[in-house]
Amino acid sequence: MWMELIFIFLILLVGSFVQGVSGFGFGIIAMSFLPFFFTIKESTLLVVALGVLTALFIVIQLFHHIRWKDLIVIMCAAIIGRYVASFVLTAYGEMDLLKSILGVFLLIVVGYLFWDKPQPEGRSVNQTWLPATLGFFGGLVGGVFAVGGPFFVFYFMLLFRDDKYAYSANLQVSFFITNFTTVVIHGVHGDFTQSYLIYLLVGLLSVFIGTRLGVYCFTYLSQKNIRRLAGIVVAIAALSLVFFS
């Protein structure tokens, strides 16, 4: 039991640190390893509950950089996606097949993490169908696998390419809102049991330490190198989920 808690603490610590540095990564890192201890449904619910706290800790530190008007379309679409995801997770969240599907999706995410194509300067960013599409699929994938971050990262990197603080602040607000939506939906249905309490307490400590360290190092560490290191770790876990789950 204690060894399991230590491993879970370290997994969540690394994930929250990566998110503090690069703006995302908590769900990706956590969902790469937690399914070895829990079902997909249990892992997702634990990650989204802690994801609320992870995002909140970072939002508090970057609150003045939030641009609320730019969040309306993508958040409305994401909430719809999370609602649809709640039905999928409830119906199929206990199936081992979802671990293999998660592994495949994580390998796609790894490709994104290593993709370093420069964004064209001066091009306006569509703020209707693009955030609506990315928001819905980000909400759907995030609600089922807790790894919908890349959809939001892609959009906010385009929108705030010259302001990394606005990028990180708005990204964390999107994580907070979508994860809180999932917590409310599954909480109403009674999916959070007392067995989650010990893991939430362990996760709370790791998230508090990891996000503070990550935000502190935000100015000094290369986001590119952090993303590549995270990609290697995720790839190893994803292959294990595909072939050994």
Side-chain angles (χ1 to χ4, degrees), residues 8 11-12 15 19 24-55 74-113 131-155 171-172 174-193 195-196 199-200 203 230 234-235 237-242 244-245:
I8 291 172
I11 291 167
L12 298 175
Q19 180 148 329
F24 78 111
F26 177 71
I28 295 172
I29 297 294
M31 289 300 290
S32 297
F33 295 96
L34 288 183
F36 292 110
F37 299 94
F38 310 108
T39 66
I40 290 294
K41 181 178 180 180
E42 292 169 338
S43 300
T44 297
L45 292 180
L46 178 61
V47 170
V48 296
L50 292 172
V52 172
L53 300 174
T54 307
I74 194 168
M75 284 297 94
C76 288
I79 290 172
I80 295 173
R82 285 292 173 119
Y83 188 74
V84 174
S86 67
F87 292 100
V88 177
L89 192 63
T90 298
Y92 305 107
E94 305 293 338
M95 296 175 60
D96 287 337
L97 176 62
L98 278 187
K99 294 184 180 181
S100 297
I101 296 174
L102 172 61
V104 172
F105 184 79
L106 286 172
L107 289 174
I108 296 174
V109 171
V110 169
Y112 170 80
L113 290 172
T133 303
L134 293 174
F136 175 79
F137 284 105
L140 179 63
V141 174
V144 177
F145 294 124
V147 290
F151 294 92
F152 300 102
V153 169
F154 178 76
Y155 178 68
L171 184 62
Q172 301 314 312
S174 71
F175 290 157
F176 175 80
I177 293 174
T178 52
N179 286 330
F180 184 76
T181 300
T182 296
V183 168
V184 170
I185 292 173
H186 287 279
V188 169
H189 287 87
D191 291 331
F192 289 98
T193 62
S195 62
Y196 278 95
Y199 299 110
L200 286 173
V234 171
L239 290 171
S240 298
L241 284 171
V242 171
F244 300 108
S245 62

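Note that these values count all heavy atoms, side chains included, but never hydrogens, waters or copies made by symmetry.
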Checklist line | Selection residues 133-154 - residue pairs positive for salt bridge (Lys or Arg N to Asp or Glu O under 4.0 Å), sequence neighbours left out | finding: none
Notebook entry, point to check: Does Phe136 have any side-chain contact (heavy atoms from CB on, under 4.5 Å) partners at least two apart in sequence or in another chain, and if so, which?
Noted result: Ala77, Ile80, Val84, Leu140
Item checked: Residues in side-chain contact (heavy atoms from CB on, under 4.5 Å) contact with Val104, at least two apart in sequence or another chain -> Val242
Next item on the list: Indicate yes or no: at least one non-hydrogen side-chain atom of Leu34 is less than 4.5 angstrom from one of Ile8.
Entry: yes
Margin query: Please give me the minimum heavy-atom distance between Leu12 and Ala30, naming the atom from each residue.
Written below: CD2-CB, 4.0 Å
Next item on the list: Over all heavy atoms of both residues, which pair between Leu89 and Gly143 is shortest? Give the atoms and the distance, please.
Entry: CD2-O, 3.7 Å
Notebook entry, point to check: Does Val144 offer a backbone N or O that forms a donor-acceptor pair with the side chain of Thr44 under 3.5 Å?
Noted result: yes
Item checked: For the student: nearest non-hydrogen atoms of Phe33 and Ile29, plus distance -> CD1-O, 3.3 Å
Checklist line | Partner set under ring pair (Phe, Tyr, Trp, His ring centres under 6.0 Å) for Phe37, not counting sequence neighbours | finding: none
Next item on the list: Please name all residues satisfying ring pair (Phe, Tyr, Trp, His ring centres under 6.0 Å) with Phe137, sequence neighbours left out, ordered by chain then number.
Entry: none
For residues 145-155, dump all side-chain donor-acceptor pairs below 3.5 Å to protein atoms at least two apart in sequence or in another chain.
none

Check: So which pairs with a foot in residues 136-152 pass salt bridge (Lys or Arg N to Asp or Glu O under 4.0 Å), sequence neighbours left out?
Finding: none
Notebook entry, point to check: Taking atom CG of Asn179 and atom CZ of Arg82, what is their separation to the nearest 0.5 Å?
Noted result: 4.5 Å
Check: Mind checking whether Leu50 and Phe26 have side chains closer than 4.5 Å, heavy atoms only?
Finding: yes
Note to self: So Thr90 and His189, do their side chains get closer than 4.5 Å, heavy atoms only?
What the structure shows: no
Checklist line | Pairwise distance OG(Ser43) to CD1(Ile11) - rounded to 0.5 angstrom | finding: 9.5 Å
Next item on the list: Kindly write out the residues that satisfy ring pair (Phe, Tyr, Trp, His ring centres under 6.0 Å) with Phe192, not counting sequence neighbours, or none if the list is empty.
Entry: Tyr196
Notebook entry, point to check: Do the ring centers of Tyr199 and Phe38 come within less than 6.0 Å of each other?
Noted result: yes
Next item on the list: Kindly compute the distance separating CD1 (Ile185) from CG (Leu45), expressed to the nearest 0.5 Å.
Entry: 11.0 Å
Check: side chain to side chain donor-acceptor pair (under 3.5 Å) with Thr181: which residues, sequence neighbours excluded?
Finding: none
Notebook entry, point to check: Are any of the side-chain heavy atoms of Val48 and His186 separated by less than 4.5 Å?
Noted result: no
Item checked: 4.5 Å side-chain heavy-atom contact, Leu102 and Pro35 -> yes
Notebook entry, point to check: Thr39 and Leu98: side-chain contact (heavy atoms from CB on, under 4.5 Å), yes or no, with the steps?
Noted result: CA-CA 9 Å; Thr39 66; Leu98 278 187; over 6 Å; no
Check: With sequence neighbours excluded, what pairs up with Phe105 under the ring pair (Phe, Tyr, Trp, His ring centres under 6.0 Å) test?
Finding: none
Check: Got a sec, which pairs hit salt bridge (Lys or Arg N to Asp or Glu O under 4.0 Å) with one end in residues 34-55, sequence neighbours left out?
Finding: Lys41-Asp191
